[in-house]
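Have a look at the structure below before the remarks.
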Amino acid sequence: MIKKAILVIAIAWNCVNAAHVNAQQTATTTQKPIALQHGAHRIGRRTDADMEKWRAYGLGQFIHWGLYSIPAGEWNGKQYSGAAEWLKSWKEVSATAYDSLMYQFNPTKFNAESWAETAKQMGVKYVTITTKHHDGFCLWPSKYTNFTVANSPYKKDIIGPLVKAYDKRGIDVILYFSIMDWHNPDWRYDIKTREDSIAFDRFKQFTRNQLLELLTLYPTAKGLWFDGTWDKSWVKQAAFADSLEKEMRAMRPGLIIGSRFRADEYGKRHFDSNGNMMGDYEQGWERKIPEKIADVHGNDWDCVMTVPENQWGYSKVWKGHIKTTDELLEMLAKCVSLDGNFVLNFGPKPDGTLRTEELDLAKGIGEWMGINSEAIYNGEYAGLVKQDWGYYVKKTGTNKIYMLVFNVPVSGALNVVLPSRTAISKVYDLGNPGQNYAPEEIGTSAYFIHLKQQTFKRPFVIVLETADNSKNSGAQYQKAKT
Ligand code: FHN
């Protein structure tokens, strides 16, 4: 009986979910598609086990680490106004002086196990680590350039121990790689001359070599997170990038690549000229979160977020608003409620330790996740009308809906509107499973959950167990004739 009820509810919700996916497909199919050689490889979501796992992560960690952590946003006593990892692009900084920071890179306190343990305690399921940012410095001993950790006083590989430590704790690793490389003399912002073209051809081979090298050295990494792909030079490489993507996927079946890697032959990025996403998930949600499910067009996506407004690498000074644990948890809840993952950035210090503010946030998030992660892992868009108290999340194959509550109304009554013919069979607080609530029915499949009188200091999760209510005609609730 319970199974039947779950099936009825699941069918109703799947109809709601299918509607938003179909909306995008209808939009793209009403116009005659352009024949593309280097457009999307697939329409619709990937359904294999690797991608199902990615989709279920909920919470991730981003790590930006490199030479830029040494000056930490300061050069000759002056504070750079941009993001610390962009310091080399500042006119005050000479390229040679910046590159010689390599001879100072010696993170003697770096301990991959302790970073991975912090991430584990925080509850993250995947980590994206910068192997090479725009400055071109490689955190692995690449044999294709001298500008690597191997030639720093530290000498040792950073990526290998991190992959091992995170793998050991069941946290999947994604390798961040910037295509744009300010150190490589063959890099160009655009290709205007024959010389540019020859140089950029060399650069493409270098890029291919480094990517295949990474996939060979770190065979357990689950994906590649591309960045620095917006310049005209790279946008013009549709055929090369497409063939490289295919080569990497053939080398590593299941590899996950986002929508930032390549452009189609018309220079369209993320979405090809027919509006289909190129890659396995949308990578455009940087420091912003979609407002509603229609904004994600049925695609997989993740949101990458900084703690201050825009600092990824370690910066001595964090200006402006610094996000709190509860704000970050609300972002996490919102992302999961809209079918996305939330990825929080960490910018380690030059000695290899994590900054105190980030450790405190990781601890706070971890404490909350310790109680409420059931509402995050495998969480999905619930197909319900959003209410002011927070976010709904559902889990496929169960009869549970999670209410992630961030704003308690003065009345203490949380409004819940379920699909018609759905009743609530049980309501309880995830942090206190003994604490049951009796829902008050206020309309057809509409309820108030009356919270007990108390002060709520932290966001919390209420679980609704649902049941089939198809026998109830709802006739007692009449709509007004107007
Ligand atoms: O320019 C970079 C920036 O430094 C940072 O790495 C972020 C992370 O998503 N990506 C680029 C900007 O989109």
Side-chain angles (χ1 to χ4, degrees), residues 54 57 59-75 80-90 93 98 101 124 126-139 158-159 162 173-184 187 189 207 214 223-235 256-263 269-271 278-290 300-320 323 328 331-332 335 340-348 358:
W54 186 97
Y57 290 148
L59 178 61
Q61 180 189 35
F62 211 150
I63 295 175
H64 275 73
W65 203 31
L67 297 184
Y68 41 80
S69 67
I70 301 170
E74 237 177 67
W75 198 258
Y80 175 53
S81 59
E85 71 282 1
W86 274 75
L87 188 100
K88 186 179 176 180
S89 70
W90 192 19
V93 179
Y98 182 91
L101 288 171
V124 315
Y126 71 128
V127 62
T128 304
I129 306 170
T130 50
T131 59
K132 170 176 101 163
H133 203 263
H134 310 331
D135 65 4
F137 181 69
C138 302
L139 287 184
I158 298 281
I159 302 300
L162 282 174
V173 176
I174 310 277
L175 304 175
Y176 168 109
F177 184 91
S178 170
I179 296 286
M180 176 164 76
D181 184 326
W182 298 329
H183 179 78
N184 191 312
W187 165 260
Y189 289 95
T207 299
L214 282 171
L224 292 165
W225 203 100
F226 287 102
D227 207 357
T229 53
W230 45 76
D231 285 313
K232 285 185 184 155
S233 51
W234 183 253
V235 170
I256 294 171
I257 298 177
S259 66
R260 269 195 210 189
F261 180 51
R262 63 190 176 89
R269 302 177 59 240
H270 296 278
F271 294 88
M278 290 178 288
D280 302 320
Y281 64 98
E282 191 185 347
Q283 244 183 311
W285 299 103
E286 175 168 324
R287 294 188 291 119
K288 61 181 180 192
I289 301 176
D300 285 308
W301 61 277
D302 70 4
C303 159
V304 292
M305 187 57 70
T306 46
V307 177
E309 201 259 325
N310 182 27
Q311 290 293 343
W312 298 88
Y314 175 65
S315 168
K316 265 178 224 155
V317 183
W318 268 358
K319 288 194 197 128
K323 296 175 191 78
L328 294 167
M331 291 177 174
L332 165 66
C335 289
N341 292 328
F342 179 72
V343 182
L344 183 63
N345 182 68
F346 287 68
E358 289 172 350

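Order of appearance sets the numbers: ligands from 1, and atoms from 1 within every ligand.
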Test ring-ring contact (aromatic ring centres under 6.0 Å, His included) on W187 and W234; report intermediate values, then the result. CA-CA 10 Å; W187 165 260; W234 183 253; 8.0 Å; no
Protein heavy-atom partner closest to atom 3 (C) of ligand 1 - residue, atom, separation in Å: E85 OE2, 3.4 Å
I want to check something: taking the side chain as every heavy atom from C-beta on, are Q283 and V304 in contact at a cut-off of under 4.5 Å? no
With respect to D135, which candidate in Y68, Y98, W86 satisfies the side chain to side chain donor-acceptor pair (under 3.5 Å) definition? Y98
Report the part of W230 in contact with ligand 1, treating N, CA, C, O as backbone and CB onward as side chain, heavy atoms under 4.0 Å; options are side chain, backbone, both, neither. side chain
Rounded to the nearest 0.5 angstrom, the CG-CZ distance for L224 and F177 is 9.0 Å
Can you find an N/O atom of H134 closer than 3.5 Å to an N/O atom of ligand 1? yes
More than 12 non-hydrogen atoms from neighbouring residues, nucleotides or ligands closer than 6.0 Å to NZ on K316, yes or no? yes
Kindly write out the residues that satisfy side chain to side chain donor-acceptor pair (under 3.5 Å) with W65, not counting sequence neighbours, or none if the list is empty. none
Please write down residue, atom name and distance for the protein heavy atom closest to atom 5 (C) of ligand 1. H64 NE2, 3.4 Å
When you look for heavy atoms under 4.0 Å from ligand 1, do you find them on the side chain of R260, its backbone, both, or neither? side chain
Around atom 12 (C) of ligand 1, find the nearest protein heavy atom and jot down its residue, atom name and distance. E286 OE2, 3.2 Å
Are any of the N or O atoms of W225 closer than 3.5 Å to those of ligand 1? no
To the nearest 0.1 Å, how far is atom 10 (N) of ligand 1 from its closest protein heavy atom, and which atom is that? D227 OD2, 2.6 Å
